[in-house]
Amino acid sequence: MTERLNENLWRLDIPLVGNPLKNLNSYLITGDRNLLIDTGFNEPACREAMLQQLEELHVDLNRTDIFLTHVHHDHSGLSTFLHRPGCQIYISEKDGTLLPAIRNDELWKKRYRRCISNGFSETETRALWGTNPAQTRGPEPFDHYHFVKDGDRLDYGGYSLQCIFTPGHTPGHMCLYEKEKKYFFTGDHVLFRITPNICDWLGVEDSLGDYLVSLDKIRDLPAERLFPGHRVPLGTLRDRVDFLKEHHRKRLQGVMEIVEAHPGLTPYEIAGRMQWKIKARNWEEFPLVQKYFATGEAKAHLDYLTVRGHLTHRLKGIRNEYFIL
Ligand SMILES: [Zn+2]
């Protein structure tokens, strides 16, 4: 169902069936040309919800450009399906370059080989192939992304949106800020009730470090209305940023304590000892895809500590094991 947020501004509620994120907030600005911010997975439930809500608002896709806050498929999945000739799909260059790569089997083989050294079993890695939504449910191949840079402006329906480069959640995450109205579209950079997943990325040395810098970058924006990628906003931007920074500080401390008490664990084993807000009694009962994201998050914290000289890691056989330095 659509929700009117202000003149020419709507929220479209896209269900993410079976996903702990529950929904995606897609935002639509209407005007001479429309701008759709984020789209949902490339799967039937998202597609139907999107089409039904676009119809409810009488949206002409031939006059609709699309902005993707980041590469993740719950945001980018339907972009090529909704794109019409002559329209733009905006995304940062970093994430735009990752989009086709994410459909590349060779790259996934490389990622899954790394899963093995991070502690996943061969059986788990084989089961991940084809079931991981990060690997499937993405947009069709597309060659004409319009790359946006930090500071670029997009004008739609009386809204002047400034692109703010906020890497961390993904290497090229972008937020949008409407300075006059003090509206802030946070994508997955800042979420409420749930914390954005911060994973390690191929080619990124320290994604948590990048994320924390990107939190400071937007902390003091005088944002009055917040439009996150999932769920509903709660409280002020500054309070939420401070909470998220504290959340990662505690997690870093927790990871240090685990490595200190149990030297030689893999990221997978460390993730199994961390605290998670998920409906599973123990690590063994974690859904496999959630283990994948949890291990990625553990790895991002391990990278942060390694880059700063607190930890070191060694390859023992195929195991990547962590120790206090
Ligand atoms: Zn995301």
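As the structure is a prediction and not an experimental result, all values here were calculated from the model. Just follow the structure's listing: the first ligand is 1, and inside any ligand the first atom is 1. Note: hydrogens, waters and symmetry copies are ignored here, and every other heavy atom, side chains too, is used.
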Counting only pairs under 3.5 Å, give me each side-chain donor-acceptor contact of residues 156-164, with atom names and distances, residues two or more places apart or in other chains.
{"unit_1": "Tyr156", "atom_1": "OH", "unit_2": "Asp65", "atom_2": "OD2", "d": "2.6"}
{"unit_1": "Tyr156", "atom_1": "OH", "unit_2": "Tyr90", "atom_2": "OH", "d": "2.8"}
{"unit_1": "Tyr159", "atom_1": "OH", "unit_2": "Glu7", "atom_2": "O", "d": "2.6"}
{"unit_1": "Ser160", "atom_1": "OG", "unit_2": "Arg153", "atom_2": "NE", "d": "3.2"}
{"unit_1": "Ser160", "atom_1": "OG", "unit_2": "Asp155", "atom_2": "OD1", "d": "2.8"}

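- We find that Arg137 and Asp74 are not joined by a salt bridge, their nearest charged nitrogen and carboxylate oxygen being 4.0 Å or further apart.
- Using modelled atom types, one finds a donor on one side chain and an acceptor on the other under 3.5 Å when comparing Asn42 with Arg47.
- Counting only distances under 2.8 Å, and ignoring water, the protein N, O or S atoms around the Zn ion (ligand 1) are His70 NE2, His72 ND1, His169 NE2, Asp188 OD2.
- Salt bridge annotation for Asp303-Lys299: present, with a cationic side-chain nitrogen under 4.0 angstrom from a carboxylate oxygen.
- Annotation: side chain to side chain donor-acceptor pair (under 3.5 Å) contacts of Lys316 (sequence neighbours excluded): none.
- Shown here are the side chain to side chain contact (heavy atoms under 4.5 Å, CB included) partners of Glu285, two or more places apart in sequence or in another chain: Ala280, Arg281, Asn282.
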